[in-house]
Structure formats: C-alpha cells, structure tokens
Colleague: 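I have a structure I would like to understand better, so I am pasting it below and will then ask my questions one at a time.
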Amino acid sequence: MIKFFLMVNKQGQTRLSKYYDNVDINKRAALEADVVKGCLSRRKDECSFVEYKDYKLVYRQYAGLYIVVGITDTENELSIYELMHNFVEVLDKYFSRVSELDIMFNLDKVHIILDEMILNGHVVETNKSRILAPLLVLDKMAES
Amino acid sequence: MSDVVEKTLTALPALLSFDSQPGAGKLSSSTKLATLIRSITELTSKHEEEKLIQRELAAIKEQVSSPNTTMRQMREAMVRSVYCEMLGYEADCSYIHAIKLAQQGTGLDKRVGYLAVSLFLNENHELLLLLVNTVLKDLQSTNLVEVCMALTVVSQMFPKDMIPAILPLVEDKLTHPKEMIRRKAVLALYKFSLVAPTQVQHIHGKFRKALCDKDPGVMAASLHIYLQMIQESPEGYRDLAGSFVTILRQVVGGKLPVDFNYHNVPAPWLQIQLLRILALLGKDDQSTSELMYDVLDESLRRAEMNHNITYAILFECVKAIYTIHPRADLLEKAAKCIGNFVLSPKINLKYLGLKALTYVVQQDANLALQHQMTIIECLDHTDLIIKRETLELLFRITNSHNVRVIVEKMLGFLKGCHDDYTTIDLLAKVAELAEKYAPDNCWFIETMNSVLSLGSALMPQDIPSNFLRLLAEGSDSEEDDRQLRMYAVQSYVSVLKTKPANLPQQYLQVISWVLGEYSHLIEDLGPSLVIDLLARQLDQPKLTSDSRSWVLSAMAKLSAGASLGAEGAGCVQRVTQQYSSSLDTPLRQQALELQLLSQDAELHDRVLPHGAPWASLEVDSSLSFLDGFVSEALAKGAAPYKPPHQRQEELRQEKALSLEPYSLSLPLSLSSCSIADRHSPTLLSISSGLSGHSTELSHRAGSLRLDGVKRVWSRDGYLPQRQEPPPEEPSAPQDTGAPAPPLSPQEGGALTPSPAAEPSEEERDRQQLASSLFQGLSSSSDSTCLMGKPDPPPPQRFRKKRSTAPDSASSSSGSSHSTRDPSNHFLYGSLSEEGPASPLMLAQSSATPHTHHQHHPRAHSNGTHAQHDTLVNPPAATNGVSAEVGGHAEGPPPSLVTANDASSTPLREVGGWSSLMGGMEMVVPLCSQTPPPIDSGQSSAEEEDDEEDATSEPPTQPVPASVPLPVPVPVPTELNDLPVTSEPELSDLSSGLDTMVPPELRELPRSEVTPLGSDQRLCVRCCRLQREDAVILLLLLSSTSSSPSSSSSSSSASAAALLDICVELQCQQLKVASLRGNAIELLPSQGSSVCWYTLLMEEPHTQVTVSGSITYREEAGHTHTLHLSTKLSLVDFLRPLQLSTEEYGRLWLSISQDVKQNLQLAQPHQDPLRTSLTLLRDTLHLHIVDIIGSEGIVACQLLKGPMCLLHCRVHGEALAVWLRSEAPGLPDCLLYHCQRALQEH
C-alpha cells in the first residue's frame, strides 16, 4: 500500500504532497525533511529503495525534481518505481513537456491527475487517456 | 519517452528565472497565486517562510470571507491554502470555504473545492458532514462530470455514518452506461467496504457483476474489493479462481485495448494485482493451485522483455509460485528467475532478487546455497540497503552452524549503522540468534556484550532482561550454568578494569547485577576488587539514578562483612557517605542499607544468603504480615490500593499521551507483583527473613513464587525444547582463571573464517565465508557446501530447562521469578515503595472464609445459603404429573411441523418463530397483552375440533394429551402411587421431559426439575437449561384440575380445562425475554404445556430471584393468579472459557483489576490443588486452563459477556486465588461461589 506521494526539488522543498494515511500536519514537515535527507544523499549507482522506519521509500529523480513514494513492505517496489514514471508521462502528455513550474502553477490539476491514479493508497488507473479524461472535460468546460 | 522527460526536466533550473522564460507566459504572473509561488521559490530561510505564509494566510482569510469574492478567485484562494498546508501551516480558515466551493462552484471550481476538502480534512473531521448534501446533489446531477467528482470524493473520504444516505445512489451507478461512472462507483463501494464492511454486504452479488463487466477498467476496479475480501477469507472466493485465471490469461495474451499498455506491456499493474489475488487463493489449496499453473507459466514466459515493469511482474509471479501449492517445473523456472535478478548488474533488480530470496528461502534453503557467492558479494556491497536486505536473508537461514559468521556480519553492520530504527531491529535479531543458536558460553557472552554496548539508549528493554533471565534460570546442567556465569563475571570484571567511560546504562545494569550475583563463583576474585570497580562506575556523572541503584544493590550483595577487607570497607564507607545524603530518596535508603549490611555480617547472611539455592528463599507474596498495618491505615481513611498499572492507566487517560512504551516483554511486568514495572532493583519484593510475622510463612515446600502468571507460562518460542545434550559438550574452561575457551573441536577449523590469515587469496576467503555461512542449510551439506563438512548438531545450550515434573517446573520458574530476577533481588528496599501499594489486596486476603460474607452483602440479603440449587420434593404430589407422564407414554414426539404450519394467531407465530430461530429473543410484553380471543365453545368442541386444537397447541404439546381418550392401563396405577413417592416421579418426569423440551433445546445440559408453585388447578415446575449465551428457564405447566369422579370421563375433563393462560416473569437484575408459549389459549385437563424464557445476566450478581405470575381463567369464568418465584445463582450463568495458556497470559495482562482471596482447600492432603480445581470446575462450570505444580489457572465467562480469570496457588492450608475480570463485580460474586463450593465439599 502507498502511504504518501511526494515531489520535492533538489533543495528539499516540497512541490507536491499527498498522504494516504492520516499524518498530522505538524509532523509532515519533519517527515518530509527526513525522507528527503534519506533519498537525496544517495548516489546514482545505489538502489532506488530506501528503508525508512517501518516502511520503504521508492524514489526517482527527474532533473531537479525527485518523486518519493512511501510504501509498506508488501508493496512491489519496482512496480511503484514504474508507476512514478507513468505519472510523469501523464503529466508530460497533459502539459506537453512538463516542467517544475508547470507543476507549481497547476498544483490543483496535478492533484486531480494523481487522484485518478491512486486512491486510498492503491493504484486504480494507469491508462493515460482515462486518467486525463475527466480533467480534459473540465478544461473544455472552462474554455466554453 | 522517459529520456525525453528527463531531458525536459534537466532544463528546469533555467526555467526558474521567470522573465525570459517562454513557458512563463502562460502562467500569468499577475495573480496572487503567481506572486505566492514566486515568493516561495525565492525563500531563503525558515524564518522568512514563516513570515510569508502568515501574511498569506491573513490575506486568504480576508479574501475568502469577503462576499464579493468570485468563484474563480475562491478557487485560487484554495490553491494558495493548499500551498500553505503543504508547507506545514494550517489553513483552517479555508476549510469551510472549500466545502462551500464544492457546493456552489461549477466545473473546475467545484472540482478544486472537492480537492481542497480531500486535502484539508481527514475522514473523521466533523466539517465533512456538511459535504453530505453536496455529494447527494451531485450524485443525482445530470452532468456526468459532477457525478464523477462526487464519486471521486466519496471514494476518498466520507463520513461513515452517512454512507447509508448515499449508498443506493452509488449502487445505481453500477449500471450506468458510462464505464467511467461504473468504475468510480465500484471504487466508492470499495471505500465503503473498507470503512463499513457490514453496510455493503448485501451487494456482494453486484461486485461479481462488476468483475464480469465488459469494460476492463471496471473489472480492474473490482479487483481491489476482491483482493481485500480474499485477504480476509480466501475460502469464500476459491470458486472465483477460474475467473481470475481467465482474466489474467486474456490480459497476458494482449486482449486488452492498446491504451492499457505501458511500454508495450499489457496492463502491468493489473497483472500484478491479479497475481496477488491468485497467490492468496492458491495458498494451501492444491486444487485451486492447479488451475493457475498454466497461466503462471505463461506469465513467466511472456515477461521476457527487458524492462523494469516486466521485472516487477516477474517478481510478483515468483512470489505467487512460491506461495501456492508447489509444482516442480514452475519452482525451477521461478528459481531461475530469482537467480537472474540476483545476478543482475542493475542494483534495483539485485535488491528485488534478495527480497525474493528472503521470501523463498524459508521453503527452499537450497536456493540460497545456489547463490551463496552472490550473497557474499552483496554482504560487502557499498549500498547499505543491499547489505541490510542481505542480512535479513541471512537471518532467515541462520542455524547453529553458521550463527557465528552471520552474527559477526550483523554486528559489523550495526557498528556502521546510524539509523535508529534499523539498529533496534537488528539488535533484537542478533540477541534472538544468540539465544537460539549460541555454540558456546564465551561466544554468547561476548555477543551479548556487543549487543549491550551497541544498544545505548535505543535498546529494547527485553534484550537485557531476557539475557539476565537466561543467566539466572540456567539450564538443566548446573555445571553449564556455573561455567556460563563464571565466564560472564570474568568478562565483566575485565570490561570494568578498562575503566570505560560512558558505558550504556543498561549494559552497566547488567554488569552490576551479574557481578553482585555471581562474582563469588570465582574464588580468587576478592569482593573488595569488584566493589571498587563498581564504585568507580558510580562516579560517572551521566549515570541515571536507576543505574546507580543497580550498582548499589550489587555492592550490598557483595559487602558480606569480614570478607570485605579494609580496602573494600573503606570503599563502601565512601560510597555510603556520599549517598546517605543524596536527595534521591531510594538511593539514600539503599546507601543506608548498604552501610548496615556491610557492618553486620549476620544480618547480611540472613537477608542476602550467599549462593543459597533459590528454593530455600521464601517470599510471602501476599504480604500478609502487613495485614494489620493495612487495615489500620484503611480505618484511618487511607485510600485503597491501586496497582501501578492501574494508576498508570488513569494517568494516561488524564494526559492522553503515553510516554511509556507498550511492550510488555518483561516477564514479571504486570501481574500482581508490582515490582518489576520499573525494572529497578529498588522496587522489590519481600524476603521471608524480614517478614517474620507473616502467617503464611510456616510452610515452606518450595512455594516461593510470585503470582506472575506470565512467568510460569512463559512466552511462546522463548526457548524451544531442549535437545538431547550431545555426547561431546564443547569444552568450557574448567579452570576459573582460564581465558576464553577455545572453539569446540569440531567447529573450530571449518567455521571460523580467517580473512586475515591469507589476505592474498581473496577468493578463497569468500569461499570460506560461504562455507561457513551456508552450513547446515542442506541435508547433503557435503555436496553443497564448498568447504564445509557435516557436523553433528551442536549443543543448544541456551534452552530453557524442560520441565519434566510439573512441580519442578513451577518451582524453578517461580523461584527465579521472585528472588532471582535482577529487578527484584534486593530484598527489602522496597518496603517504602510497596507499602502504600498493598492495602486493598491485604484487606481482602485477610478476610477468611467465615468472615467473608461482609464482602457480599447482596448475597446475604437475598438469604442465600438455602436451597436454591437443591432438589426439593414437590409440596403436593400432583395428578398432573401422572397425566403428563401418561400423555408422553402415548404421544408421539412433538414435531416441528405443527409449529410451523400455522400462523394465524399471535401464539402460533410465537411458536413458529422460536423453533425457527432458537436464539431469537422476544420481549415480554406478549403476556401483558390480552390473550387472543377464543371462541368459548371451543373448549367443549367435538372431535374434529380437537384435531385442530392439537395443531394449534404449541408444538411440544403431545397431541393425544389434549384428546380425552381412555387412558392406557399403567396410568391409573401410577396415579395411585404418585402421591406417595415423589422422587421416582420426578426422575420419571425428567426423562419424560425429553419429549417436552423443544428439539432445539434438547441437547443442552439442564438442571433437575423443581416445583415452582401450584394451586388446585395448575402446577408449575421449572427447569434451567444452559445454553452458551443464556440460561433458558423452562416452565412446565400442567393442569391438575380434575375431580376424582370424572378423571376418566372425557367430557368432564375437557370441562375442567384452563383458558387464556398468561405467564409473566420478571427479574430486575436479569434481562428476561420470552421465547415462546407465555400465552396459552387452552390447557386441557391433565394436559401440559411448556413455555420458556431466556435469561441474560449482564451485570454479575451472586444470586437473583426471578418472580412472576400466571393468570388463567377457568371455564366457569373465574380468573386466578398463581405467583411464582425461583432463585438463580451466578453459577447458572457461568460458562467455561476455553483458552490456551498463552491466550490466558495475554488476557491476564490486559486486565488490570485484581481481587485476591484465600480459600479453604477441598482436600488439604492429597493433591489439593487438582482436587479443588476439579471440584470448582464441576460445580461452577469453569475451565481449567493449565495446572503447573502448585499453581493453576482457570477461566470462565459470564455467558458470552465478561470473562473472569483465576489464578490459584496452594499456599499452606489455603488456596490463594487471584481473580481478574473486566466486570468489576464478577470476581467478588465468583469468589463467593468458589468459597461455598469448597466449603460444602
């Protein structure tokens, strides 16, 4: 099960955070700092999975942005690793060449996309066109 | 594709300058959001961030509360709030507006409103209730987008209590033409099934429909529900295995639309989900497993493409293959697959391979052997995560052959590890392995020393306490124990001699205890030296007072008068001087005690007898010598005792935040000895030497033990059965001064890797390491171990003593428990601590059986002692009985058909009902209703009417009884006999009762039949049936009205029939419910009928009186009332509680209230415990969980309600009983009955 989904930049600033368990807002910042410390310090040739407390972190770097996902031990690390990439591909399709700024300025839409893909900590949709369909309808409504 | 993305993102840093950026054009920089984002990116310090966000929050607050804000602006404000929350600042002013936005907005605005709600609130937030109406409205909207939004938010969070309000709407969506809506509806139902499984039970059929949906997305969504349900109970879904296999085959075969592909792999996440489901279904089920072999094989074959996602599928596939019922060729393929992973140069795959190996290796250790060299490489891998995973793998394959190497590797890792969580986890594992597989003393002690010194503050408390317990309890061989202890002493003396600064606290505590306890084993080690070493440790400034106290008590043990010498005495004096003015009260007390003990050798011998066998020490655990003191204190108004855990509990409730760790791994922790809770030597139990006045001390009989139940029934797996000691014990040092013993001959050569010996041949080292690591994994170790040779199983020395005779078991464990546990060794310091802790317990224990009634006012006010259980002859022998018996002799057994075939009157309904649903309760009111109107002519009806009457009677009424037939011959004679002898009549009756009792109740154990009341016309008797969840009170009504002259005449008999009988029972203390038959239209003369009630006792009562009345009408029209009353005892409501010893231990600890009482033994001379417990079991329906030595544990339950646990111990002439129960009154009530049972015996 997925516990949280984070996007942080190299400076350790959170760009997106979504928790699938209740984590008190006051503890989130500390947790994120820990997580970022654990992932950012790793070398390229080290493996993309890190232990953190009683769960695992899977991380993947895209230029200056890191995606870090906290999962339980029963989850398949590699499938999550690829899920992140699928997510980035969806963002790329929607924003056509996504950048960190796209994510920052469209935080709401990124969240909407994420909601389509992960619900309650489970992967519920990975089909790109289906993920984007509701958002595209909303965009069309806004235009007209 | 991914390359493109990465390139794009590489360009990002340049994008951060806003002005010259083409992309920034579309991000209008004039909005407040843009300003905020810009400011955020420019932040340089935490302080600035805080200022910025506070400003922003104020601005948001102003904006959202302004009436002029448009929806669009509101949406923007929400996104800004999301930013603030993301940075860790609560934006609670926006919560309500997010809900408003979801309600009032349209399109994207609405969606953002919902989004903000789902980000801001958690499932239990009360504001969420305000969302319900909006969701309801949107679910009914014609706009599909809005329906979609509502379903999305519902599947994220929704107030649990409001689910019924929207459930029908969501259910409707399952048949919606749009697959998107169907899919979301399924996901919403999945959420419901997670939070409120009972509410969606009725739609399981619809889940199946979703599984068969023509759209793959809907099907995939339903898999989440199935995975969840199958995890809970795989049995219920095995029939679906075929469907899941078919689906997987289609997915793997590429039958899905192309857009489900990810990098040309068809729906990989869907495949993974299906594989998980199949693994769960096939586990432990061969026939189901057989269904999936083919498709698993195909999955393995298809997933050959070189891409991460196919590896992810392969991993899941391998796991499934190893989970289900095994099949050779698949296992082989899976093993090969794991091999590819492990050998892969890609680090992520290597990790996955190790993880798979760890999973698999418990079933197939040979697989680890195949990859031993790779595993060795991974052990030295630079990546800590890989190392860690490898250690995890090694931990699983550890055995007595390779434990040295593996533990060495683990300790090596620990030394470089800075992560607390990992450290704790690994330390516990090392300690576990050391206890399980230690090859010899020296190794064991040294390993534990490493563990203790590495642990520092993080050390889980159970590691040192387990270790000390092991030392203290010892094994079967005394010599072994002696060697082990001697080695420990030597090792600690040398540790202290190095004058280490900052020993970890717990390590020092262990050292102090071992030295205090065992340093006398080594003769040439003078106590003055040890005292000196310990005293130096006291000077460490960072020592906690807890540790100081350990050190002081060790010194007290060592300071035995003369042997101390001048040097030691000086040292002791210095210490006592220093601490006798300490501000810390316990320390001050200990210092003074130390002073006294060191000066008075005789006192020392008495208080701390040297090396005496534990059994000779006695602990009066009930502290009965304090009885006087306590009752005096109570009389003066002192508060009664609360055990520490209860006090803690209360404290905890007050503070809400518990700082205490929950783990109760300490052997003594709870139970009635409050001592060990803080695990300090100051909190102590009482030695017999000091408690001379105790009444219970007269007897010895190895009975020294506390009541720590958990101790006697120690935790499972702590130490498995001791194996037969092997012929050759590894030689331990015989000479006390000798250094560490050499390795045992057969292990030394092959086992110890000596990397330093031949550094040039690195490869050979590795092979050597491999051979030592993988020893013993395979049965044919000759062929698989590179250099190993088969070894005989080494001695498993650190196994708990196997208890051969129950007596010895209890005495050994009991004794070590009370006197030997380090935390309770120092024998008298605790009085001041314990004093206030005992009043209540003592007050109760002082109550001897004959004064006991003071504790049970209720029992006595009820005037109990009498006959509630005894069989009393019926006051008047009744004709009805014989009539009834005669009727039974004739009548066929009652059939259910009669009960079920009619339902026209309430009475019949009742009958039908109860026989259909035996456990159902119906409420009493039936009897207060007016009985159904009866045609008055019915009673004098003709034969055909009688036929009908028979069917309309309750089913148990034997049909012929209502038909006034010429009675068979035997009956009249019986009639004559009956008044004379009532005994046989009753026994006859209870055998005849079988036919009267409704079939569903026949199997239940029942009491004898006792009369309840009677008058000239009606006789009522009762019988108690014990159902698991209730007591059923069966009332037998029999009409006795028949004038002697007309007894054989049919017309007059029917003329004397009773009409409209209405039974009413009540009891204030019980829940009374009528099951059936409390209203009877017609009871013919000499006929009989039954009605029964369920009685539930929710609050424990010693005894209760059930009273009631029966009203009936004579045919002539006179109405009569017959009053009834009967008593039921608590015993009727007790049920044995089947528990295992282990469960008992857990429950015992989970309940904090404790009641103690000394009872009289049933037979003081011959196996008193067993006799008494058996007696109690038979009379009170208790369950004896276990009897060990002179202690026994017993459990019972008040119907299906609160349970009560008893822990009994023979204590001289008395049976000491501790009771714990969730229900406060239950122990007292139960005690009363225990006492009576034993007395009456």
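Numbers restart at 1 for each chain; the letters A, B, ... are given by sequence-line order, proteins then strands.
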Colleague: Look at A:S17, A:S79, A:A29, A:P134 and state which one has the largest set of heavy-atom pairs under 4.5 Å with chain B.
Modeller: A:S79
Colleague: A:H111, A:K10, A:M141: which one forms the most heavy-atom pairs within less than 4.5 Å of chain B?
Modeller: A:H111
Colleague: Relative to the ring of B:H307, is the ring of B:H263 parallel (under 30°), tilted (30 to 60°) or perpendicular (over 60°)?
Modeller: tilted
Colleague: Let's test your reading of the structure: which of A:E125, A:Q13, A:K27, A:K18 forms the most heavy-atom pairs below 4.5 Å with chain B?
Modeller: A:E125
Colleague: As an exercise: rank B:E316, B:M149, B:H381, B:Q273 by heavy-atom pairs under 4.5 Å with chain A and give me the winner.
Modeller: B:E316
Colleague: Give, as side chain, backbone, both or neither, the part of B:L352 having an atom under 4.5 angstrom from any heavy atom of chain A.
Modeller: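 Only the side chain of B:L352 comes within 4.5 Å of chain A.
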Colleague: Less than 4.5 Å to any heavy atom of chain B: does that hold for the side chain of A:N22, its backbone, both, or neither?
Modeller: side chain
Colleague: Do the charged groups of A:E116 and B:K184 touch, with an N to O distance under 4.0 Å?
Modeller: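 Here A:E116 pairs with B:K184 in a salt bridge, since their nearest N and O are under 4.0 Å apart.
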Colleague: Just by distance, with hydrogens left out, do B:Q228 and B:H224 show a side-chain donor and acceptor under 3.5 Å apart?
Modeller: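 Side chains of B:Q228 and B:H224: no pair found under 3.5 Å.
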Colleague: For chain A, which candidate among B:R183, B:K319, B:K110, B:M78 shows the most heavy-atom pairs at distances under 4.5 Å?
Modeller: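 Greatest number of close heavy-atom pairs with chain A: B:R183.
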Colleague: Charged N to carboxylate O under 4.0 angstrom, B:K178 versus B:D215?
Modeller: no
Colleague: Is it the side chain or the backbone of B:Y190 that comes within 4.5 Å of chain A heavy atoms, both, or neither?
Modeller: side chain
Colleague: With a 4.5 angstrom heavy-atom cut-off, is it the side chain or the backbone of A:S129 that approaches chain B, or both, or neither?
Modeller: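 A:S129 touches chain B through side-chain heavy atoms alone.
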Colleague: Where does the angle between the aromatic ring planes of A:F49 and A:Y81 fall among parallel (under 30°), tilted (30 to 60°) and perpendicular (over 60°)?
Modeller: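 The arrangement is perpendicular - the two ring planes meet at more than 60°.
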Colleague: What part of B:F260 lies closer than 4.5 angstrom to a heavy atom of chain A: side chain, backbone, both or neither?
Modeller: both
Colleague: Using non-hydrogen atoms only, which part of B:Y311 is less than 4.5 Å away from chain A: side chain, backbone, both, or neither?
Modeller: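 For B:Y311, heavy atoms of backbone and side chain both lie under 4.5 Å from chain A.
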Colleague: Would you mind telling me which of A:V137, A:N26, A:L83 has the largest number of heavy-atom pairs within less than 4.5 Å of chain B?
Modeller: A:L83
Colleague: Decide whether A:N86 and A:T126 meet the rule of one side-chain donor and one side-chain acceptor closer than 3.5 Å.
Modeller: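 Side-chain D/A pair, A:N86 to A:T126: absent.
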Colleague: Given that the side chain runs from C-beta out, which part of A:D45 has a heavy atom under 4.5 Å from chain B: side chain, backbone, both or neither?
Modeller: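 The backbone, not the side chain.
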Colleague: Check whether B:I40 gets within reach of chain A through its side chain, its backbone, both or neither, counting any heavy atom under 4.5 Å.
Modeller: both
Colleague: Against chain B, label A:L119 side chain, backbone, both or neither, depending on which of its atoms sit under 4.5 Å from a heavy atom there.
Modeller: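 Just its side chain gets close to chain B.
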Colleague: Let's go through A:E77 and B:K355 carefully: what are the C-alpha distance in whole Å and the side-chain angles of both, what is the deciding distance for salt bridge (charged side-chain N to carboxylate O under 4.0 Å, His left out) to 0.1 Å, and is it a yes or a no?
Modeller: CA-CA 10 Å; A:E77 286 92 348; B:K355 194 177 167 187; 3.0 Å; yes
Colleague: Top residue by heavy-atom pair count (under 4.5 Å) with chain A, among B:A116, B:P268, B:S155?
Modeller: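 Top count of heavy-atom pairs under 4.5 Å with chain A: B:S155.
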Colleague: Is the closest basic N to carboxylate O distance between A:K56 and A:D73 below 4.0 Å?
Modeller: yes
Colleague: Does A:K109 pair with A:D139 as a salt bridge, N-O distance under 4.0 Å?
Modeller: yes
Colleague: Would you mind checking which part of A:Y20 comes under 4.5 Å of any heavy atom in chain B, side chain (CB onward), backbone (N, CA, C, O), both or neither?
Modeller: neither
Colleague: Indicate yes or no: does B:K46 engage B:E49 in a salt bridge with an N to O separation below 4.0 Å.
Modeller: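 Counted as a salt bridge, because a side-chain N and a carboxylate O are separated by less than 4.0 Å.
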Colleague: Is the shortest side-chain N to carboxylate O distance from B:E76 to B:R72 below 4.0 Å?
Modeller: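 Salt bridge absent between B:E76 and B:R72.
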Colleague: Between B:E42 and B:R38, is there a side-chain N and carboxylate O pair less than 4.0 Å apart?
Modeller: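 Salt bridge absent between B:E42 and B:R38.
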Colleague: Considering only heavy atoms, which portion of A:D108 lies under 4.5 Å from any heavy atom of chain B: side chain, backbone, both, or neither?
Modeller: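 For A:D108, the contact with chain B is made by backbone and side chain together.
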Colleague: Please classify the contact between B:L187 and chain A as side chain, backbone, both or neither, with a heavy-atom cut-off of under 4.5 Å.
Modeller: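 The side chain, not the backbone.
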Colleague: Could you check whether A:K128 pairs with A:D92 (Lys NZ or Arg NE/NH1/NH2 to Asp/Glu carboxylate O, under 4.0 Å)?
Modeller: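 Judged by the 4.0 Å cut-off on N to carboxylate O distance, A:K128 and A:D92 do not form a salt bridge.
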Colleague: Below 6.0 angstrom between ring centroids: does that apply to A:Y19 and A:F5?
Modeller: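 No: the rings miss the under 6.0 Å criterion.
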Colleague: Under 4.5 Å, heavy atom to heavy atom, which residues of residues 32-44 of chain A contact chain B?
Modeller: A:E32, A:R42, A:R43
Colleague: With the threshold set at 4.0 Å, does a side-chain nitrogen-carboxylate oxygen contact exist between B:E146 and B:R111?
Modeller: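 B:R111 and B:E146: not salt-bridged.
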